[in-house]
Engineer: 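Mind looking over this structure? Questions follow.
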There are 2 protein chains.
Amino acid sequence: MELPNAFFLFARAEVEYDGRASSTLALGNYGILRKPDGSIQIHGANLIRPLNYMGKASISWDGDVILARSKKEVIRIRVDCVHHLIPLEEWSETKIRLIRTEAELRDKIVVDPESYLGIDPSQFEAVPEFVIDGEPVDIVFFPRGDGECLRVVEVKRTQVTKNTCYQLRKYMDALSKHYKERYGYLGYVAAPKITKSGRKCAEEHGYAYVPVDF
Amino acid sequence: MELPNAFFLFARAEVEYDGRASSTLALGNYGILRKPDGSIQIHGANLIRPLNYMGKASISWDGDVILARSKKEVIRIRVDCVHHLIPLEEWSETKIRLIRTEAELRDKIVVDPESYLGIDPSQFEAVPEFVIDGEPVDIVFFPRGDGECLRVVEVKRTQVTKNTCYQLRKYMDALSKHYKERYGYLGYVAAPKITKSGRKCAEEHGYAYVPVDF
DNA sequence: CTCTTTATCTCGTCT
DNA sequence: AGACGAGGTAAAGAG
């Protein structure tokens, strides 16, 4: 049978997936969404995430079986009964515009380190997204003169957790390995909030918590 | 207007979101999926992920505006033109059954540490999901007698990365802080694959990489 | 291409 | 309710 380019299908079906993992889905009523980009997703009665999904798949409908295939994955949908099948045309590819991102918080600290870190801006060069060891550090403040420590800042959009501190530690490891005794080092974790264990971990590591908000 | 409990709506609409972030979505054709659990998601022509979404929202349709609200979030959908509106009934809540998980790999090592770690099983007590500091370590092998090191294993389903090594380090920190000099400590990172930087990081930390496969 | 990080992560699980 | 980690994470961004 011929399938539209994009469609929403509500059907009684059972589903098998094999690829990065394997899964089976018992016979039941599911919503199946096929998009113009070739992606397909199978939804159950709850949760945002689909039960099964595949990006950029080629699909065929042969008898009562819809087969979606990509290089290393396959979804096999045995359709028992079609409740609804509607083709979707002229679907918009509009991109969403987001505000209030981590970058926004980061930039606040970059432009006003005096308020947030209590350091003299003229004494430091602020480098956002400084790449060390192939990984970008949120902000590194390089001292222009002697007698000042290098400052390393890790920013989170919502909250500082224990993991945030370990992430900062990873960066500080890399920086001190690279620059050795050329600098002293000070670490900061910044976010609107900090968890209890995050605070404890920051204290143990000697990192300062910097509250920053939108 | 009255909305069905669960539905799929294809409509020309524009969408605003405000909550954990903010976003706007220009007028266009979108697919809107409302599930029996109260979740709602708005899909564009591509990608698996919805453009906007909300779990457990109460919704109302007033004039041309669908309003979805939860505690701290709101989605406002101005509907310009309804292309399709289909109610979805008797939707199945079936759960998916997954195989080939991290736990599977972990158990392989637990039952046969001789093959994977080269240690004598009779000399150790293997504790999967050993909780230290409130966090479960994949496997800890406690030596039964003296003269053997404690073995700590971090397992990944796909590949060992640099982060895997730092995760292991976090656990080993916690274990050595807890047990002090009672043991020596050896770390292992296990997965079907390891990235280049993961291998480098493991070597620098003195962790052994353990290939393990399904 | 590969590798790494982000995310309105989502979702389960445990305190 | 908050915290924490896994995920078939997906998707974006950098090199």
Side-chain angles (χ1 to χ4, degrees), chain A residues 17-23 37 39 41-42 46-56 70 72-75 95-96 98-103 106 129 131-138 154-164 166-167 170-171 193-201, chain B residues 15-23 37 39 41-42 46-57 70-75 95-103 105-106 129 131 133-138 154-159 161-164 167 170-171 193-198 200 214:
Chain A
Y17 162 79
D18 195 67
R20 285 178 286 181
S22 292
S23 71
D37 70 342
S39 66
Q41 45 190 298
I42 297 154
N46 41 38
L47 306 188
I48 300 292
R49 297 200 61 149
L51 294 161
N52 281 110
Y53 52 88
M54 197 184 293
K56 270 216 162 313
S70 69
K72 297 179 177 174
E73 298 173 293
V74 55
I75 293 177
K95 278 202 170 173
I96 203 158
L98 260 185
I99 58 176
R100 287 195 209 168
T101 60
E102 185 186 294
R106 190 195 61 208
E129 304 284 299
V131 174
I132 184 81
D133 227 9
E135 289 176 46
V137 183
D138 284 336
E154 175 62 28
V155 184
K156 289 291 166 190
R157 201 185 52 82
T158 49
Q159 61 181 6
V160 171
T161 67
K162 203 191 292 183
N163 274 350
T164 311
Y166 276 90
Q167 200 176 344
K170 183 173 64 171
Y171 296 140
K193 292 190 300 180
I194 184 166
T195 65
K196 222 181 295 179
S197 63
R199 186 179 295 278
K200 183 157 163 282
C201 193
Chain B
V15 183
E16 288 166 28
Y17 163 78
D18 195 68
R20 286 176 285 182
S22 292
S23 71
D37 69 341
S39 65
Q41 45 192 299
I42 297 152
N46 42 39
L47 306 187
I48 302 293
R49 295 195 61 144
L51 294 161
N52 283 107
Y53 52 89
M54 196 185 293
K56 269 216 164 311
S70 70
K71 292 252 172 64
K72 296 179 176 175
E73 297 173 294
V74 56
I75 294 177
K95 280 202 170 171
I96 203 161
R97 224 161 39 83
L98 258 186
I99 58 176
R100 288 196 208 166
T101 59
E102 184 186 295
L105 294 180
R106 190 196 61 206
E129 304 283 298
V131 174
D133 228 8
E135 289 177 46
V137 183
D138 284 336
E154 176 63 28
V155 184
K156 289 290 167 192
R157 203 186 52 82
T158 50
Q159 61 182 6
T161 67
K162 204 190 291 184
N163 275 350
T164 311
Q167 200 177 343
K170 183 172 65 170
Y171 296 141
K193 292 189 301 182
I194 183 167
T195 64
K196 225 181 295 179
S197 63
K200 184 157 162 282
F214 292 106

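Throughout, protein chains are lettered first and strands after them, A, B, ... in sequence-line order, and every chain is numbered starting at 1. Because the structure is predicted, anything quoted here is derived from the model rather than measured.
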Engineer: Distances under 3.5 Å between protein N/O atoms and the N/O atoms of nucleotides 11-15 of chain D, please, pair by pair.
Structural biologist:
{"residue": "D:dA11", "atom": "OP1", "partner": "B:Ile48", "partner atom": "N", "Å": "2.5"}
{"residue": "D:dA11", "atom": "OP1", "partner": "B:Arg49", "partner atom": "N", "Å": "3.0"}

Engineer: Suppose we call a contact any N or O donor and acceptor under 3.5 Å apart; does that hold for the side chain of B:Glu102 and the base of D:dG7?
Structural biologist: no
Engineer: Touch check for B:Gln167, heavy atoms < 4.0 angstrom, all strands: base, sugar-phosphate only, or nothing?
Structural biologist: sugar-phosphate
Engineer: Within the structure shown, what part of the strands sits under 4.0 Å from B:Asn52 by heavy-atom distance: base, sugar-phosphate, or nothing?
Structural biologist: base
Engineer: Rounded to whole Å, please give me the gap between NZ in A:Lys200 and P in D:dA3.
Structural biologist: 15 Å
Engineer: Taking any heavy-atom pair under 4.0 Å as a contact, classify B:Ser197: base, sugar-phosphate, or nothing.
Structural biologist: sugar-phosphate
Engineer: Atom OH in A:Tyr166, atom CG in B:Asn163: separation rounded to 0.5 Å?
Structural biologist: 13.5 Å
Engineer: Are any non-hydrogen side-chain atoms of B:Lys156 and B:Thr161 less than 4.5 angstrom apart?
Structural biologist: no
Engineer: Could you say whether B:Met54 or A:Tyr171 is positioned toward the 5' end of DNA chain C, judged by the nucleotide with the nearest heavy atom to each?
Structural biologist: A:Tyr171
Engineer: Which part of the nucleic acid, if any, lies within contact of B:Leu51, taking any heavy atom under 4.0 Å across all strands shown: a base, the sugar-phosphate backbone alone, or nothing?
Structural biologist: base
Engineer: Whole-Å distance between D:dG2 C1' and A:Arg199 CZ?
Structural biologist: 15 Å
Engineer: When you measure from the side chain of A:Arg157 to the backbone of B:Arg20, do you find a donor-acceptor pair of N or O atoms at a distance under 3.5 Å?
Structural biologist: yes
Engineer: State whether the side chain of A:Gln41 and the backbone N or O of B:Ile48 hold a donor-acceptor pair below 3.5 Å, judged by distance alone.
Structural biologist: yes
Engineer: Looking for any heavy atom pair under 4.0 Å, which part of the strands does A:Lys156 touch: base, sugar-phosphate only, or nothing?
Structural biologist: sugar-phosphate
Engineer: Both A:Asn163 and B:Lys72 contact DNA chain D. Taking the nearest nucleotide for each, which residue is further toward the 5' end?
Structural biologist: B:Lys72
Engineer: Roughly how far apart are B:Leu47 CG and A:Lys56 NZ, rounded to 0.5 Å?
Structural biologist: 10.5 Å
Engineer: For nucleotides C:dC11 and D:dA11, find the distance between their P atoms and express it as a whole number of Å.
Structural biologist: 14 Å
Engineer: At 4.0 Å (heavy atoms only), tell me whether B:Lys170 reaches a base, stays on the sugar-phosphate, or touches nothing.
Structural biologist: sugar-phosphate
Engineer: Rounded to the nearest 0.5 Å, how far apart are CG of B:Leu105 and OG1 of B:Thr158?
Structural biologist: 9.5 Å
Engineer: Could you state the interatomic distance from CD1 (A:Ile75) to OG (A:Ser23), rounded to the nearest 0.5 Å?
Structural biologist: 8.0 Å
Engineer: What is the separation between atom CZ on B:Arg97 and atom P on D:dG8, rounded to the nearest whole Å?
Structural biologist: 15 Å
Engineer: Output the rounded distance in Å from NZ (A:Lys196) to P (D:dG2).
Structural biologist: 11 Å
Engineer: For B:Thr164, is there any backbone N or O sitting under 3.5 Å from a side-chain donor or acceptor partner on B:Glu154?
Structural biologist: no
Engineer: Between D:dG7 atom P and A:Tyr17 atom OH, what is the distance in whole Å?
Structural biologist: 13 Å
Engineer: Does either side chain, that of B:Ser39 or that of B:Asp37, offer a donor lying less than 3.5 Å from an acceptor on the other one?
Structural biologist: yes
Engineer: Relative to the 5' end of DNA chain C, which residue comes earlier, A:Ala103 or B:Tyr53, by the nucleotide with the nearest heavy atom?
Structural biologist: A:Ala103
Engineer: Below 4.0 Å from chain B heavy atoms, what is the first contacting nucleotide of DNA chain C and what is the last?
Structural biologist: C:dT4 to C:dT10
Engineer: Rounding to a whole Å, what distance do you find between B:Arg106:CZ and D:dA6:P?
Structural biologist: 11 Å
Engineer: Nearest 0.5 Å, what's the CG-CG distance between A:Asn46 and A:Leu51?
Structural biologist: 7.5 Å
Engineer: When we call it a touch if two heavy atoms are under 4.0 Å apart, what does A:Lys193 touch: a base, just sugar-phosphate, or nothing?
Structural biologist: nothing
